[in-house]
Structures are given as C-alpha cells and as structure tokens.
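Atom set for the values below is all heavy atoms of this structure, side chains included, hydrogens, waters and symmetry mates excluded. Residue indices begin at 1 and follow the sequence shown. Not measured: the values here are computed from a predicted model.
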Amino acid sequence: MQPGKRQKTLFFAALTAFVVGVLVLTCYILWLMRSEALAGGFQVSALMSRSFESSLTQSLSASAQATANAVLEQPEAANLPQAEAQFLRILRGAPQLRSLSLMDERGRIVASSSRANVGREVDTADYWPQTPDQQQVLRIGAPWTGRDFSEGQSLNTGASSDGVLTLIPVTLPLPMVKGGWRLLVALNPDYFVNQMSQQLASPIGAAEVLRLDGMRLWNTDPQQSVGVVPYGKALAQRIGERDFGQFEDDAGLGQPSMTAFRVSTLYPFAVVTHLRRDAVLERWQTEAKNVLGVMLVVLTVLCALAVAFYRRQSLLQAQRAESARLQQINAACVFTNIREGILITQTNGSIIDVNEAFCLMTGYSRLELLGKNPRILKSGRQDKGFYEAMWRELLAKGHWQGEIWNRHKNGEVFVAMLNISAVPDSHGQVQQYVAVFHNITENKMYQDQLERLARYDALTDMPNRVLLADRLRQAMSQALRHQQLLGVVFIDLDGFKAINDQFGHEAGDQVLISVSSGLRRALRDGDTLARNGG
C-alpha cells in the first residue's frame, strides 16, 4: 500500500525545513565567527599600537635624558667642543638618532654632532605643541628631507618626501642653562619604521606616528606621504579627547581596516595602527568556505539518504501490514503452546491475560489471576528498591530483563528469568506490558551448589583455601586502614595420621568435623575458620 499524498507532503516539508534550519544555523555560526575575528583584529591592532607607543616613548625619553645630561655637564659656551664630543659618544649607541645639536634663543645651531649643522638656523615657530612658554616643553616639528639639517629642508616649505630620507626634528628644553638654549634632536624615522615593519608587514597593515595636531611624521607604508594632515581635524579631535581608542575606517589604507591609536604618555604624538579587514578575515573566509563546502556535501548526502529511507519505508509499510495480519493468526497459537509463562498487564499493572504455562509455574488458575496485580507473586527476597529500579528502566527504555524471585501458590519460592516489554500503539503510547517468565530454579540451585563447592570444604563445610585467601586480603586491608592488628592462627592436629591408620578414614573425618564444630563455637561471628589442607 503506497503512502498517501498528505504523508508525502509532510515528509518533504519536514526535509525542507531541516535543510533550511541547518543552513540558517550554519550562517549564524559563521556570522559569530566573523564577529569574533573582527574583534580579534581590533585587539591585535590595539596591542600593536600600545607596543609601538611604549617603545617609541621609552626610546625618546632615554635619548632626551642622555643628551640633556651631556649639555648640563658643559653649560658654558667655552665647553661647546666637549658637548659635541659627548654628542658623538651618544650617537654611537643610538641608531634612532641622526644628529644632536644645541640651539641658542634665536634658533641658530651653535654646537652639533655634525659640524656641518653649526650656524644653520632652524625655524621652530610651527613646532607642536603651541604653548605660551615654548622654551620649557618638548616640541616636535614637521619632517625634513635629507639626512641632516645641513643638507635638508622642512616639508612645511613645500619640499617633496618621495624617495628621500627624512628626519624628525625635536626640541628639548634646558631649564638649567641660561639664555634660552635648547637641544635640537634629529630623530631617524627609518629606524622606527624598520622596527614597526618587522611586527606589522605591509600586506597585513601599516603603522604610523602622528603629531597631536594630526600631522603624519612617518608611516611604514612607503606610498603614504609624510608632513601632511591625512585625516583632517576629526582624528586629531578624537586623539585629543582620549588617550587610546579603536574604530573601523578606510582612510588609512585606502580600504576598510581595523584602526587603533594610542597617545604617548609623555610626549605630543600618537601611534596609529591599521590592519586590513580582508587580511583579518582571511582565515575566517577560508574556514567559512570549508564549513559551507562540507555542510553542502553533508546535506546532499543526508537528503539522498532520507529520500531513499522514505522510499524503503513506503515499501516496507505494505510488508508490515501483511506481516501483522499473519502474526495475529499465529499469535494465538504461540501464546497457548509456548513453554515459557506469559503475563499481559495493563499500564496500571492489572493482569488481563496469562497462558497455561504461567498458571502451571505459579499454581494459580487463569480466573484467579485476572484483574489482580503481579505483586501477589512477591516473595519478599527482593526489596522495594529492586522493583523501583526495574520500573524506572522499564519506563525509560521500554523493556527490562533480569532474575526475579516469586512465590508459588503453595508458598514455595522459585526464581525465574523475566523479560518485560512495553507494547506501544501507533502513536507511541504504551498500552500494555508483556512479561515472559522462564523458571530457572533448578539451574540456580545447581549454580549455587557449584559456587559453594568451589569456596567451601566439602567435609567440614568451612571456607577452603581460596575463600581463606580472599577474606585474609580483606582483613589485611581493613586492619591497615584502621591501624589495627590482625591475628592469624595456624592449627595443626598432631597424631591425626594414627587415627586414620588405626580407626579408618571415616573416623578421621568425624574427628575433623567434631574439631571444626568446637572451634567454630569458640570463635566470634566476625572471625574466619578455614581448612587450609584437604
């Protein structure tokens, strides 16, 4: 019999809903993974900006301290050659510096690590920050072209930075030196660019340093111009309001990027890092393609298997209907003639039918059992917990199998192997329980007899060597655990062979039985008396 049109429609509707649900769930998981990848990109960008800022601030602070100490040791003009010598000594261990110079109040270089710089006037009017007392704070100027002041030119004058080495001028105050003299430090941006590029390669992103007014001092991307204000006043205002931050923009790299900035804790500059969003999402895109590819293959296979299973079930449905008809015919014959006892109950436990074998096993007639509860067979050997566990498993799994002790109508106790199965209807609701009993009393008695022979002496009924070893191990463990003493006594019967030789082995056996009985009466219940020989 072919399934109806309604059944087929429900099947394909459920299959479609399953596929759509799996795809929606997969897309949601991929979206969460993408959000996590972007959050990780922001975190990496922030960590890099903090690392670069810390390194640059510490380097600039160390250079400023060293150069200031060198000048303070020779504050007089007559000692300027000694100051230049100190500048040269400092430069030998400071690759981040191009030159060190001393300026007078008019902006003219009076001493320098490079003699070519002496006499050069440097205009510091536009250096940042612009403060009323500009002689008392560190100030940063616009980048210069050339390797030093003697051959360079400030980019504020319109010079091009394309392909030309630059330097960053920084003025440091000398409050202990009279006359308004200041230190002029030429920072080497190539040194810092190389350091940043080692941690942040150009295919992944770029890092740059900005003055707090927004002017770019240097950038790890050689295509980006320096000495300009690339982001206008928007970023400068944001930097002025917060010491650090992160946002997404497309101005730094010309494409969407994860941008983070951090302002120096001591000096008027900020480090900005840009991570390309496509680079951040590259691993996610690979994983997403793999997941979608695998998911499509799995869904295709599952759909094919589901359709094949549905078709097979449709064919089996007709076979099951025919088989059910034949089973109904044979069930009555099997129920009547089977040797095992069969008990059928309702869900509340009341008996609705039994076969002849069950009546012979229990001693009750069919009429005596109908309407009764199977607990009338309870022997009392198994406690309430046993029956509760049996019902829990039966309700959870739909079947239970095990040994059960029942009582015959005449009072005798017997043990049976019981197999209980729940019988559901077409909607899966349990309607009946069918129990099949197989009397195993004789087998159980034989098994108990074999086990006793294996562990007890046949003559004296005392534990033999095997059981003695087991109890001795337990007693030793318990004595060790409770820090107690354990007594082991070995008793030998002298002259026992003479009894066997003079009176016979039967008399010897009676002596052993008598001695063991006397010893057993003399011992406590917790002691073990065993026959080690035999």
Side-chain angles (χ1 to χ4, degrees), residues 40-70 90-100 127-129 137-144 147 165-172 183-222 224 226-227 230 235-236 238-240 242-247 252-253 257-276 279:
F42 274 122
Q43 185 177 6
V44 171
S45 182
L47 289 175
M48 286 187 173
S49 64
R50 183 174 64 181
S51 175
F52 295 154
E53 178 275 324
S54 177
S55 176
L56 182 56
T57 298
Q58 292 177 8
S59 177
L60 190 58
S61 176
S63 300
Q65 185 65 33
T67 53
N69 292 338
I90 294 173
L91 285 179
R92 283 195 292 269
Q96 72 274 19
L97 305 178
R98 292 200 184 278
S99 66
L100 297 172
Y127 283 23
W128 188 264
V137 295
L138 181 146
R139 303 174 65 216
I140 303 175
W144 280 50
R147 294 190 60 87
L165 295 174
T166 59
L167 61 88
I168 308 298
V170 176
T171 61
L172 301 173
L183 283 173
L184 179 63
V185 180
L187 295 179
N188 179 11
D190 292 339
Y191 172 80
F192 299 105
V193 168
N194 290 334
Q195 275 193 331
M196 293 178 175
S197 298
Q198 291 177 1
Q199 301 183 49
L200 184 59
S202 57
I204 300 177
E208 58 185 343
V209 176
L210 306 179
R211 281 193 332 192
L212 293 188
D213 63 345
M215 176 181 288
R216 178 185 288 150
L217 301 179
W218 68 77
N219 193 305
T220 58
D221 185 358
Q224 302 294 331
V226 298
L235 181 59
R238 179 177 295 183
I239 291 175
R242 300 181 59 185
D243 293 336
F244 59 90
Q246 56 189 33
F247 55 92
L253 300 176
S257 61
M258 312 289 103
T259 299
F261 70 87
R262 192 171 188 90
V263 179
S264 172
T265 56
L266 298 177
Y267 304 118
F269 68 85
V271 177
V272 183
T273 56
H274 309 276
L275 293 181
R276 291 172 48 187

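- Side-chain atoms of Ser49 and Glu53 include no donor-acceptor pair closer than 3.5 Å.
- Between Val170 and Leu138, the closest side-chain pair of non-hydrogen atoms falls below 4.5 Å.
- Between Pro203 and Arg276, the shortest heavy-atom distance links the atoms O-NH1, 2.7 Å.
- Taking each heavy atom of Pro95 and Tyr191 in turn, the nearest pair found is CG-CE1, 3.6 Å.
- The two residues Leu210 and Gly214 come nearest to each other via the heavy atoms CD2-O, 4.1 Å.
- In this structure, OG1 on Thr273 lies 11.0 Å from CD on Gln199, to the nearest 0.5 angstrom.
- With no hydrogens or angles considered, no side-chain donor-acceptor pair links Ser45 and Gln246 at under 3.5 Å.
- Side-chain contact between Phe192 and Leu56 is present, with heavy atoms from C-beta onward closer than 4.5 Å.
- Rounding to the nearest 0.5 Å places OG of Ser63 at 8.5 Å from CD1 of Ile90.
- A heavy-atom distance below 4.5 Å is not found between the side chains of Asp221 and His274.
- At least one side-chain heavy atom of Ile168 sits less than 4.5 Å from a side-chain heavy atom of Pro143.
- Side-chain contact between Trp218 and Thr166: absent, with no pair of heavy atoms (C-beta onward) separated by less than 4.5 Å.
- Taking 4.0 Å as the cut-off between side-chain N and carboxylate O, Asp190 and Arg98 count as a salt-bridged pair.
- Between the CG atom of Leu275 and the CE atom of Met258 there is a distance of 8.0 Å, given to the nearest 0.5 Å.
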task: Begin with the C-alpha distance, continue with both residues' side-chain angles, and end with the deciding distance and a verdict on side-chain contact (heavy atoms from CB on, under 4.5 Å) for Leu100 and Leu183.
output: CA-CA 7 Å; Leu100 297 172; Leu183 283 173; over 6 Å; no
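- There is no side-chain donor-acceptor pair under 3.5 Å between Thr220 and Ser197.
- Side-chain atoms of Asn188 and Leu167, non-hydrogen and from C-beta on, never get closer than 4.5 Å to each other.
- A distance of 9.0 Å separates CD of Gln96 from CG of Leu91, quoted to the nearest 0.5 Å.
- Distance CZ/Phe247 to OG1/Thr259: 5.0 Å, rounded to 0.5 Å.
- Separating the CZ atom in Arg262 from the OG atom in Ser54 is a distance of 8.5 Å, to the nearest 0.5 Å.
- At least one side-chain heavy atom of Arg216 sits under 4.5 Å from a side-chain heavy atom of Gln224.
- Other residues, nucleotides and ligands contribute more than 12 heavy atoms inside 6.0 Å of the CZ atom of Phe42.
- With hydrogens and angles ignored, the 3.5 Å screen pairs a side-chain donor or acceptor of Arg139 with a backbone N or O of Pro129.
- Across every non-hydrogen atom of Leu200 and Ala207, the tightest pair is CD2-N, 3.9 Å.
- Considering only heavy atoms from C-beta on, Leu47 comes within 4.5 Å of Arg50 through its side chain.
- In plain terms, the two heavy atoms of Val271 and Phe52 that are nearest each other are CG1-CB, 3.6 Å.
- Between the side chain of Arg211 and the backbone N or O of Leu217, no donor-acceptor pair lies under 3.5 Å.
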